[in-house]
Amino acid sequence: MFTSVSSPNLERICFQTDFQNYMNLPEISEDDRQILSSLSGYFTTEAIQYYSLAFESTQYNGSLEEKTDLLLADKINNFWSEHKKCVKNIVSPSDYCPVCGVSYNPEFNYIKTLEHVLPKSRYQQYILSPINLVYFCGLCNSSKGDEVNESLFHPYFSNITCTGEVTLSMFERTDHKIGIKVEFHEENETYLKMIKKTFKLQRNYQCYIKQVLNKEISSIELAVQQKLTGIDKAEKLEVLKDYLSKYYSFNPQNYYVRTSTERMLLEKLKTEIETNYENFAQYILENSTMN
């Protein structure tokens, strides 16, 4: 989690020239062209350097002006949707989210999205600036919101090493159903705040684990469906416990693991299933067509 990303080299890719050409396309409305022209001043080498000086590791010094007079509030999202095509191929590419470390996977609902590090609602001048844009998964993007404070993760400038352990467990909730708990044991308070409050990574990892378990449940259903026919719920639970303890083996290699985070989560899930198969059996009953 919290992986650094190389910033785009705007001079090498001639971004300013390409942006001017885009701005002069005949399909661009005159109103939008005027806004685009005002934004072009924030793509210069000097403007990018000034932006860069505002960030150091996890610290944002607050020196950049909040500018909200370029676009009406109700027009921001439409403007972004219309013109992001001119920058999305310039933003540094990635196969996984630099925040949570999980690879983009539509099957698991981990969608690749463009994130404004400084929110476009408050820093409109950077709405199309590649130095303010980075790819995040949809979960981390939506979790961040428009909050800006002195602790801020910017993948182009942050250098973070989390040393705390991540633990994973299946537990019985107060409603007696089985839940998935992910906990972070990180001593650095700044990192922990970003993990738990800014990006809510415990929720993101829970979603990933649940997607994996859904696929496992489908294969388990096929393996035991004949034994479960015509018996009540308590008997089904015992059949599942017997199957899990004697015959079942969770194999992380069944999944396409691209990142160290995914490998860590799947190994912890394997250990939890092996040591707590009773709760896993109950979880299967609650989340399958066999209950």
Side-chain angles (χ1 to χ4, degrees), residues 1-10 42 46-67 87 90-104 110 112-127 129-167 182-208 258-265:
M1 69 185 84
F2 297 127
T3 305
S4 298
V5 176
S6 298
S7 60
N9 187 330
L10 301 186
Y42 296 93
E46 294 78 11
I48 292 170
Q49 184 168 5
Y50 180 71
Y51 175 98
S52 303
L53 292 173
F55 302 91
E56 183 176 357
S57 188
T58 61
Q59 300 300 307
Y60 168 58
N61 65 20
S63 62
L64 301 175
E65 177 187 5
E66 291 195 29
K67 198 168 183 62
V87 294
I90 296 167
V91 178
S92 296
S94 65
D95 294 323
Y96 61 90
C97 178
V99 178
C100 65
V102 175
S103 55
Y104 305 118
Y110 272 80
K112 187 176 185 177
T113 64
L114 265 179
E115 157 69 357
H116 292 83
V117 179
L118 294 178
K120 60 184 182 293
S121 61
R122 296 170 57 182
Y123 296 84
Q124 294 179 1
Q125 69 270 38
Y126 298 118
I127 189 171
S129 179
I131 202 69
N132 190 52
L133 293 167
V134 66
Y135 285 110
F136 283 4
C137 74
L139 290 175
C140 289
N141 194 341
S142 62
S143 296
K144 177 176 168 289
D146 287 350
E147 179 183 358
V148 177
N149 53 49
E150 63 180 18
S151 297
L152 188 150
F153 174 62
H154 196 315
Y156 297 151
F157 307 108
S158 297
N159 184 14
I160 297 176
T161 302
C162 293
T163 58
E165 183 185 8
V166 179
T167 58
V182 177
E183 295 182 291
F184 298 86
H185 306 275
E186 174 62 52
E187 293 184 359
N188 186 300
E189 292 296 328
T190 298
Y191 299 171
L192 191 61
K193 181 180 179 181
M194 290 193 294
I195 288 170
K196 299 180 70 172
K197 294 184 178 181
T198 304
F199 294 107
K200 302 176 180 65
L201 293 192
Q202 65 275 18
R203 181 203 64 174
N204 296 10
Y205 289 171
Q206 286 167 352
C207 290
Y208 176 78
R258 298 189 198 178
T259 71
S260 59
T261 297
E262 292 169 344
R263 187 174 300 108
M264 175 270 293
L265 289 172

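Minimum interatomic distance between S94 and K112 (heavy atoms only, all atoms of both residues): O-NZ, 3.1 Å. Taking each heavy atom of G164 and E186 in turn, the nearest pair found is N-OE1, 3.0 Å. Here the shortest heavy-atom pairing between Y156 and P130 reads CE1-O, 3.6 Å. Closest approach of Y104 to Y96, counting heavy atoms only: OH-O, 3.3 Å.
For the 3.5 Å distance criterion, the side chains of N159 and S57 fail to qualify, holding no donor opposite an acceptor. For the residue pair S103 and D95, no side-chain donor N or O sits within less than 3.5 Å of a side-chain acceptor on the partner. N61 and S63 are linked by a side-chain donor-acceptor pair at a separation below 3.5 angstrom, with hydrogens and angles left out of the test. Counting only N and O atoms by type, the side chains of N132 and Y123 include no donor and acceptor under 3.5 Å apart. Counted by atom type alone, T198 and E147 present zero donor-acceptor pairs between their side chains at under 3.5 Å.
Side chain of R203 to main chain of S143: no donor-acceptor pair is present (N/O by atom type, distance under 3.5 Å, no hydrogens or angles). A donor-acceptor pair under 3.5 Å links the side-chain atoms of T259 to the main chain of G101, judged by distance alone. Side-chain atoms of Q202 never come within 3.5 Å of backbone atoms of F184 as a donor-acceptor pair (strictly under, hydrogens ignored). Looking only at distances, no side-chain donor or acceptor of Q124 sits under 3.5 Å from a matching main-chain atom of K120. In terms of modelled atom types and a separation under 3.5 Å, the side chain of S158 and the main chain of P155 share no donor-acceptor contact.
Looking at residues two or more places apart in sequence or on another chain, you find no salt bridge (Lys or Arg N to Asp or Glu O under 4.0 Å) involving E183. Judged as a salt bridge (Lys or Arg N to Asp or Glu O under 4.0 Å), and not counting sequence neighbours, the contacts of K144 are E115.
In summary, of the residues considered (V99, I195, T3, T190), a side chain to side chain contact (heavy atoms under 4.5 Å, CB included) with F153 occurs for V99 alone.
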Are K193 and S151 close enough, and set up right, to give a side-chain contact (heavy atoms from CB on, under 4.5 Å), and what steps lead you there? CA-CA 9 Å; K193 181 180 179 181; S151 297; 5.6 Å; no
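Here NE2 of H154 is found 12.0 Å from CD1 of I160. Values are rounded to the nearest 0.5 Å. Distance check, rounded to the nearest 0.5 Å: CD1 of I127 to OG of S129 gives 11.0 Å. With values rounded to the nearest 0.5 angstrom, S92 atom OG is found 10.5 Å from L133 atom CG. A distance of 14.5 Å separates CG of L118 from NZ of K67, quoted to the nearest 0.5 Å. Note: L64 CG to R122 CZ = 12.0 Å, rounded to the nearest 0.5 Å. Within the model, atoms CD of E46 and CD1 of I48 stand 9.0 Å from one another, a figure rounded to the nearest 0.5 Å.
Residues V91 and P8 fail the side-chain proximity criterion, which asks for heavy atoms closer than 4.5 Å. No side-chain heavy atom of K196 sits less than 4.5 Å from a side-chain heavy atom of L201. Contact check for F157 versus I131: side-chain heavy atoms found under the 4.5 Å cut-off. Within the 4.5 Å cutoff, no side-chain heavy atoms of Y135 are placed close to those of T113. Using a 4.5 Å heavy-atom threshold, the side chains of C100 and F136 count as separate. With contacts defined as side-chain heavy-atom distances shorter than 4.5 Å, the pair V102/C137 does not qualify. Inter-residue side-chain proximity for V117 and V134 is flagged as met; some heavy-atom pair is nearer than 4.5 Å.
Other residues, nucleotides and ligands place more than 12 heavy atoms under 6.0 Å from the NZ atom of K200. Within 6.0 Å of CD on E66 lie more than 12 heavy atoms contributed by other residues, nucleotides or ligands.
Ring orientation note: the planes of Y42 and Y126 are nearly perpendicular, at an angle over 60° on the 30°/60° scale.
If you look at F55 and Y60, their ring centroids are closer than 6.0 Å. Between Y191 and F2, the distance from one ring center to the other does not fall under 6.0 angstrom.
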